[in-house]
Amino acid sequence: MSISPPIRISFPDGNVKSFDVPPTGLSIATGISPGLAKKAVVVRVNGELWDLNRPIDRDAAFEIITRDKPEALEVIRHDAAHVLAQAVQELFPGTQITFGPSTEHGFYYDFARDTPFSDADLASIEQRMRNIVKRDLPIIREVWSHEAAVAHFEQAGESFKAEWIRDGIAADEELTIYRQGEAWLDMCLGPHLPSTGKLGTAFKLTRVSGAYWRGDANNAQLQRIYGLAFANDADLEAHLKMVEEAEKRDHRKLGKQLDLYHQQEEAPGMVFWHPKGWAIWQAVEQYVRGVYKAGGYQEVRGPQIMDVNLWKKSGHWDNYQDNMFFTESEKRTYAIKPMNCPGHVQIFNAGLRSYRDLPVRYAEFGGCHRNEPSGALHGIMRVRAFTQDDGHIFCTEAQIEPEVTAFHQQAMQVYADFGFTHLDVKLALRPEKRLGDDATWDRAEDALRSALRAAGVATWTELPGEGAFYGPKIEYHLKDSIGRAWQVGTMQVDFMMPERLGATYIDEHSARQHPVMLHRAIVGSMERFIGILIEHHAGALPYWLAPVQAVVTPIVSDADAYASEVAAELSKRNVRVQTDLRNEKINYKIREHSLQKVPVILVVGRKEAEERSVTLRRLGSERQETLLLADAIIELAKH
RNA sequence: GCUCACAUAGCUCAGUCGGUAGAGCACUUCCUUGGUAAGGAAGAGGUCAUCGGUUCGAUUCCGAUUGUGAGCACCA
């Protein structure tokens, strides 16, 4: 028997300890203190997370990850997924396991089973999970050969697992199996907790839904069970509270409560804007119109329908015919426009352009219709009829970078003006189905990268395969009240469309050239953006966006005439103001207008009518402030 | 589009193990003129999403359709 050299373990504080026999994370932790061993979830070995009971067979930089660390939470959640899988297989034999990762707040696991899980099943599955935790089954890591694993899963009737090992795992990749107790195992990269008891009680199954095997709609439909999991009960409780609060901000709920818009069965995915909702729209539109102007854009307007041949030329028909609406007249088929760019190209083409004219910037509040799949519709965030703050810049290749940089800065200013400080910047790269050659795509993608750098963006996420069929794009994403991210702005470089639709300009050598086309939007869809605004501000829009900025209400009917006069004066200064002359007590009216999120309530009684003053109360404050009418007008007319 | 769930008054919801329905708020009328988050009384309001089946009888059970919700897929 040869004597192996001692194993050197170095700790984060710089200490180094030698072991003659490979220690485990748990044994090292126990050596330090039993308390630490109890709190330990996994260990970090040379940067990799390892199981507590996996022998450390090499010299290593070593760190103990306790339960309160973010990395530990991920392990806990992943473990919950495994416990869920075991519970389901114990209760419903014959159900196949597939995958079950951790998520932002918990975990899910996808199962293959003919009968759907019911809500009642969910409750009994959760009970069984708690039972498995109580049994405190040891979780053990084993390394298997591919053949053994395939044989095992096939014999067990787990065809999805067997398929994944064959197709999804490289032959030279280490394949690990985690046993959970005597009878249950799953293939998994790990790491895991040392036993199911360590999972604790802070988990909860939330819902069951469909998902596709390997994320492809052509594959088998699986059943996904979602759950929440946290390190302790208090965190789970806090999360549930937060979700409850977030649901109160849902734009669909607030849209109804604040009487902003409605949707109905006869027009799925379309919006009926009520006066108050449309007032918000107008405020946003006026603001964006100013942005167009400041950015050197000329506002234009194209037709709503155009001959389908134009859409065949542009390539939209090939890619999106299933998602386009068509109409027909006198034996011609027209497409209801799903985009504004071909229209803008027609306007560009209507005259002879010189290189001296470039860049040409067109903008439009362009109404578009897209026949989105029914399952995609969501309030006013994802609709079939929407309006883009769309713009197209026709320019030379050299002008791309300054144009993109200027756009980025303008976009960030717009988001800040609307109260958004945090947003994600992404760069979507060439998709599989695309126009143009790779060299052109290389140039387009690099142009966007260097423009982002020039604009001072330090980090962005690159999304391979997510670009438009005609070019790569920068995307700006905001999150809704329940954490779902929505794309708002975009900037896309397009070398294809001008050529396809015959856009040219005359260069300095009198030669015809195709310009580069930049597609850009800042708020994106007006509908979606207003939905996000409603949620972000929980319905209490800032004064300049509020549909009703002020309500004037008398205390006694003797002051009705004065209240109307105050409202008329404010209205003259373009304040969106209403009166409330109803025969109700002031408490009642204050409550109602406060719930309607009106930023300013002006109360007038006999005293104010005599003094020609108003008593002003701002939303969110109980403070009252009496001002002379003349001063109040100046104050409220400031937008 | 796929899986599952849901659809009752303007809104939020209850209810009917099959005998055509109820509350609160809102609305209308009357009383009340009240100083900063709900004053009181009376009244009116529903083909229980649509279409079909089972049944003596369907809002209730079954099926289809439409729409909505969650997730998946999609998002020019």
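All chains are named by letter (A, B, ...) in the order of the sequence lines, taking the proteins before the strands, and each is independently numbered beginning at 1.
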Please work out if [X] contacts a base, only the sugar-phosphate, or nothing of the nucleic acid, heavy-atom cut-off 4.0 Å.
X	result
A/Gln624	base
A/Gly379	sugar-phosphate
A/Asn319	nothing

Nearest-0.5 Å distance that lies between atom OH in A/Tyr362 and atom CD1 in A/Ile347: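 The OH atom of A/Tyr362 sits 6.5 Å away from the CD1 atom of A/Ile347.
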A/Glu592 CD to A/Asn587 CG distance, which is reported to the nearest 0.5 Å: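 Result: 13.0 Å between the selected atoms.
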Ring pair (Phe, Tyr, Trp, His ring centres under 6.0 Å) with [X]: which residues, sequence neighbours excluded?
X	result
A/His78	A/His82, A/His192
A/Phe386	none
A/Phe272	A/His262
A/Tyr562	none

Can you classify the ring geometry of [X] versus [Y] as parallel (below 30°), tilted (30 to 60°) or perpendicular (above 60°)?
X	Y	value
A/His519	A/Tyr470	parallel
A/Trp278	A/Trp273	tilted
A/Tyr108	A/Tyr226	tilted
A/Phe160	A/Trp213	perpendicular
A/Phe469	A/His316	perpendicular

Starting from [atom2] on [N], measure out to [atom1] on [X] and report it in whole angstrom.
X	N	atom1	atom2	result
A/Arg623	B/rA37	CZ	P	15 Å
A/Gln257	B/rA37	CD	C1'	15 Å
A/Arg591	B/rA38	CZ	P	6 Å
A/Asp580	B/rA38	CG	C1'	14 Å
A/Glu622	B/rG35	CD	P	17 Å
A/Gln264	B/rG67	CD	P	13 Å
A/Asp560	B/rG34	CG	P	13 Å
A/Met270	B/rG67	CE	P	11 Å

N/O donor-acceptor pairs under 3.5 Å from side chains in residues 619-628 of chain A, not counting sequence neighbours:
unit_1: A/Ser621; atom_1: OG; unit_2: A/Arg623; atom_2: N; d: 2.9
unit_1: A/Thr626; atom_1: OG1; unit_2: A/Thr615; atom_2: OG1; d: 3.0

Rounded to whole angstrom, note down the [atom1] distance from [N] over to [M].
N	M	atom1	answer
B/rU54	B/rU68	P	31 Å
B/rG24	B/rU65	C1'	34 Å
B/rU47	B/rU20	C1'	9 Å
B/rA5	B/rG43	C1'	39 Å
B/rG53	B/rU59	P	13 Å
B/rG57	B/rU66	C1'	27 Å
B/rG18	B/rA76	P	50 Å
B/rU60	B/rG19	C1'	11 Å

A/Arg384 NZ/CZ over A/Phe325 ring centroid, <6.0 Å and within 45° of normal: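 No, A/Arg384 does not sit over the ring of A/Phe325.
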Side-chain touch A/Arg214/A/Asp167, heavy atoms, less than 4.5 angstrom: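 When only atoms from C-beta onward are counted, A/Asp167 and A/Arg214 do touch, with a gap below 4.5 Å.
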Summary of protein contacts for nucleotides 70-76 of chain B, nucleotide by nucleotide, where a base hit scores B, a sugar-phosphate-only hit scores S (4.0 Å, heavy atoms): SBBBBBB
Donor-acceptor list for residues 547-558 of chain A side chains, cut-off 3.5 Å, not counting sequence neighbours:
unit_1: A/Gln549; atom_1: OE1; unit_2: A/Arg576; atom_2: N; d: 2.8
unit_1: A/Gln549; atom_1: NE2; unit_2: A/Tyr543; atom_2: O; d: 2.9
unit_1: A/Thr553; atom_1: OG1; unit_2: A/Asp580; atom_2: O; d: 2.9
unit_1: A/Thr553; atom_1: OG1; unit_2: A/Lys589; atom_2: NZ; d: 3.1
unit_1: A/Asp558; atom_1: OD2; unit_2: A/Arg606; atom_2: NE; d: 3.0
unit_1: A/Asp558; atom_1: OD2; unit_2: A/Arg606; atom_2: NH2; d: 3.0

Contact list (N/O, under 3.5 angstrom) for nucleotides 8-13 of chain B vs protein:
unit_1: B/rU12; atom_1: OP1; unit_2: A/Lys256; atom_2: NZ; d: 3.3

Member of A/Thr206, A/Leu228, A/Leu236, A/Val243 meeting the side-chain contact (heavy atoms from CB on, under 4.5 Å) criterion with A/His105: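 Exactly one pass, corresponding to A/Leu228.
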Residue closer to the 5' end of RNA chain B, A/Ile590 versus A/Pro116 (nearest nucleotide):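 Result: A/Pro116.
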Restricting to nitrogen or oxygen on both sides, can you table the protein-nucleotides 46-48 of chain B pairs closer than 3.5 Å?
none

Consecutive Watson-Crick or G-U pairs in runs of at least 3, all under 3.5 Å, in which RNA chain B is involved: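 Ordered by first number, the stems with RNA chain B (at least 3 consecutive pairs each) read B:1-7 with B:66-72, B:10-13 with B:22-25, B:27-31 with B:39-43, B:49-53 with B:61-65.
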Pair A/Val383-A/Glu372, side chain to side chain contact (heavy atoms under 4.5 Å, CB included): steps then yes or no: CA-CA 7 Å; A/Val383 287; A/Glu372 303 283 5; over 6 Å; no
Sidechain N-carboxylate O distance under 4.0 Å for A/Arg434, A/Glu445: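 Looking at A/Arg434 and A/Glu445, the cut-off is not met.
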Full working for side chain to side chain contact (heavy atoms under 4.5 Å, CB included) between A/Gln346 and A/Leu310: CA-CA 10 Å; A/Gln346 306 315 308; A/Leu310 188 68; 3.5 Å; yes
Restricting both atoms to N or O, compile the protein contacts to nucleotides 23-28 of chain B shorter than 3.5 Å, with distance only.
unit_1: B/rA26; atom_1: OP1; unit_2: A/Tyr588; atom_2: OH; d: 2.8

Between the protein and nucleotides 61-66 of chain B, list the N/O to N/O atom pairs that are separated by less than 3.5 angstrom.
unit_1: B/rU66; atom_1: O2'; unit_2: A/Glu265; atom_2: OE2; d: 2.9
unit_1: B/rU66; atom_1: O2; unit_2: A/Glu265; atom_2: OE2; d: 3.4

Between A/Phe111 and A/Tyr109, ring centroids under 6.0 Å: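 When the ring centroids of A/Phe111 and A/Tyr109 are compared, they turn out to be within the sub-6.0 Å range.
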